[in-house]
A.B. asks: 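The structure's right below; bear with me while I get my questions together.
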Amino acid sequence: MIEYRNLRVALLGAGSVGAQVVKLLLQHGDELAQRSGAGLELVGVAVRDLDAPRTADIPKHLLTTNAEELILGADIVVELIGGLEPARSYILQALNSGADVITANKALLATHGPELFEAAEQVGAQLYYEAAVAAAIPIIRPLRDSLAGDRIQRIMGIVNGTTNFILDRMDTAGESLEHALATATELGYAEADPTADIEGYDAAQKAAILASLAFHTTVPIDKVYREGITAVTLDQVEAAKKAGYVVKLLAIAERVTDPATGVEGVSARVYPALIARTHPLATVHGGKNAVFIEAEAAGDLMFYGAGAGGVETASAVLGDLVSAARRHVIGGPGVAESNNANLPILPIDRVITRYQITLSVVDQPGVLAAVATLFSEHDVSIETVQQSVAPLAPAERAGDTELGATLVIGTHQAAEADLSATVLALAASAVVHSVTSVLRVEGNE
Ligand code: HSE
């Protein structure tokens with residue numbers, strides 16, 4: 001029987017993930033020790049309320065309300081409290097004392113990542129965060145290690161399960177957004193306050209983390225362009241379906257050449273977009289997550305699985321625990337976060353993308369030409385046009401005109417600034433009743 005040296009593990013937080021980490025660690029401690037080369041001794045679990053209900057039993061003697069005392073003397077601290085404070089202070093305390101830290105805290109990393117990585121580097125400790133993006137899906141380690149020798153071109157992620165569940169219900173069951181959100185809440189996908197999910201804040205934090213890693217550049221959360229799904233209508237989803245697309249909330253991190261200066265930079269953005277139903281991301285249904293990576297040498301890769309859930313997220317935390325333990329066994333300083341590329345972060349108007357625009361127009365000679373002129377005046381090239389004619393609502397009739405037309409126009413790639421100027425010009429045009437839908441189209445042409 002091999003005698004392993006014991007590493008002291010302190011856990012902060014015993015919510016749905018923390019309780020599962022305790023359960024698995026106590027259940028599989030021997031196996032994890034064999035894989036790590038060190039025993040993982042859970043020395044305590046810091047909680048706010050000793051008597052709160054838990055999703056898994058935690059031995060009472062492990063519970064404490066004194067997180068600061070628990071951190072003292074720990075070799076590895078696992079932060080699963082969430083939120084900015086006191087999580088930030090606890091992590092800094094742990095790192096400054098030389099402990100490795102494991103966190104699932106995306107909000108904290110997206111907001112204070114550089115400060116935490118700097119603190120880790122100062123003492124040669126390591127900050128692990130596999131669970132912070134897409135929970136069970138291994139994506140941080142593949143980006144940081146497996147793809148470190150490659151050059152990433154673009155990442156497109158479905159990294160929020162709640163919004164994917166809602167958009168999928170709209171697409172597959174024809175539910176309105178409100179109805180699908182109510183279903184998501186009923187089934188426990190959506191929080192009581194779903195703002196962070198449906199307004200895209202959660203996905204934006206993950207986009208910041210992915211972009212920073214992929215492009216070796218610190219991408220702060222306030223540089224991530226964000227639109228949520230609240231303006232997506234069932235009409236848009238159904239029209240997308242007929243046209244061979246599906247609407248997904250995408251977190252995109254992309255290497256972009258600034259059309260104005262020719263300088264290479266990074267774009268990080270979150271918005272609902274159309275992707276072709278033949279794209280691998282279109283097969284991601286329900287509350288599942290997936291991250292699609294386009295790399296120069298590796299080509300296209302997709303990572304798929306559970307992006308939330310207590311036991312699923314615990315899997316990623318335990319993987320980090322084994323990594324941290326192995327590092328302690330080998331010794332030496334942690335690997336610093338790589339941000340040496342320091343690329344400029346481009347605002348949304350410098351991004352090159354495609355649009356699909358739906359217009360309600362007057363059905364008269366010359367209207368199509370007038371609309372096409374507005375596109376060409378803004379340097380936007382039209383790829384496809386589909387027209388259908390239907391009687392106009394009485395309020396929209398002008399003179400003898402009783403028929404109106406719906407135009408669905410797909411563009412080639414163009415600068416976002418030119419595309420948005422085109423939409424403004426269309427909205428102001430006398431031949432256009434209304435611009436009824438504007439969605440970006442993502443995925444290769
Ligand atoms: N609320 C997130 C989701 C999971 O719906 O995917 C945690 O990031």
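When a residue number appears, it is its place in the shown sequence, counting from 1. All ligand and atom numbering here is 1-based and tracks the order in the structure. Atoms considered below: every heavy atom in the structure, side chains included; atoms not considered: hydrogens, waters and symmetry mates.
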A.B. asks: Could you go through Thr195 and Asp193, starting from their C-alpha distance and side-chain angles, then the distance that decides it, and tell me whether this counts as side-chain hydrogen bond (donor to acceptor under 3.5 Å, both in side chains)?
C.D. replies: CA-CA 6 Å; Thr195 311; Asp193 176 2; 2.4 Å; yes
A.B. asks: Does any part of the side chain of Arg154, heavy atoms only, come nearer than 4.5 Å to the side chain of Glu442, both counted from C-beta?
C.D. replies: yes
A.B. asks: Which bit of Glu191 is near ligand 1, meaning a heavy atom under 4.0 Å away: side chain, backbone, both or neither?
C.D. replies: neither
A.B. asks: Around atom 4 (C) of ligand 1, find the nearest protein heavy atom and jot down its residue, atom name and distance.
C.D. replies: Ala308 CB, 3.8 Å
A.B. asks: For atom 7 (C) of ligand 1, find the nearest protein heavy atom and state the residue, atom name and distance (0.1 Å precision).
C.D. replies: Lys106 NZ, 3.7 Å
A.B. asks: May I ask you to check whether Phe292 and His279 place their ring centres under 6.0 Å from each other?
C.D. replies: yes
A.B. asks: Does Asn105 use its side chain to pair, donor to acceptor, with the backbone of Gly83 at less than 3.5 Å?
C.D. replies: yes
A.B. asks: As a quick check of understanding, evaluate ring-ring contact (aromatic ring centres under 6.0 Å, His included) for Tyr129 and Phe117, giving each step before the final call.
C.D. replies: CA-CA 11 Å; Tyr129 52 100; Phe117 292 122; 5.6 Å; yes
A.B. asks: Does any N or O of ligand 1 fall below 3.5 Å from an N or O anywhere on Gly307, backbone included?
C.D. replies: no
A.B. asks: Polar-atom distance check: Asp197 versus ligand 1, any N or O pair below 3.5 Å?
C.D. replies: yes
A.B. asks: Number the atoms of ligand 1 from 1 as they appear, then name those within less than 4.0 Å of a heavy atom of Gly161, with their elements.
C.D. replies: 3 (C), 5 (O), 6 (O)
A.B. asks: Show the atoms of ligand 1 that are less than 4.0 angstrom away from any heavy atom in Thr162.
C.D. replies: 3 (C), 5 (O), 6 (O)
A.B. asks: Need the ligand 1 atom indices (1-based, order shown) with element for anything under 4.0 Å from a heavy-atom of Lys206.
C.D. replies: 7 (C), 8 (O)
A.B. asks: Is it the case that over 12 heavy atoms from other parts of the model lie below 6.0 angstrom from the CD atom of Glu115?
C.D. replies: yes
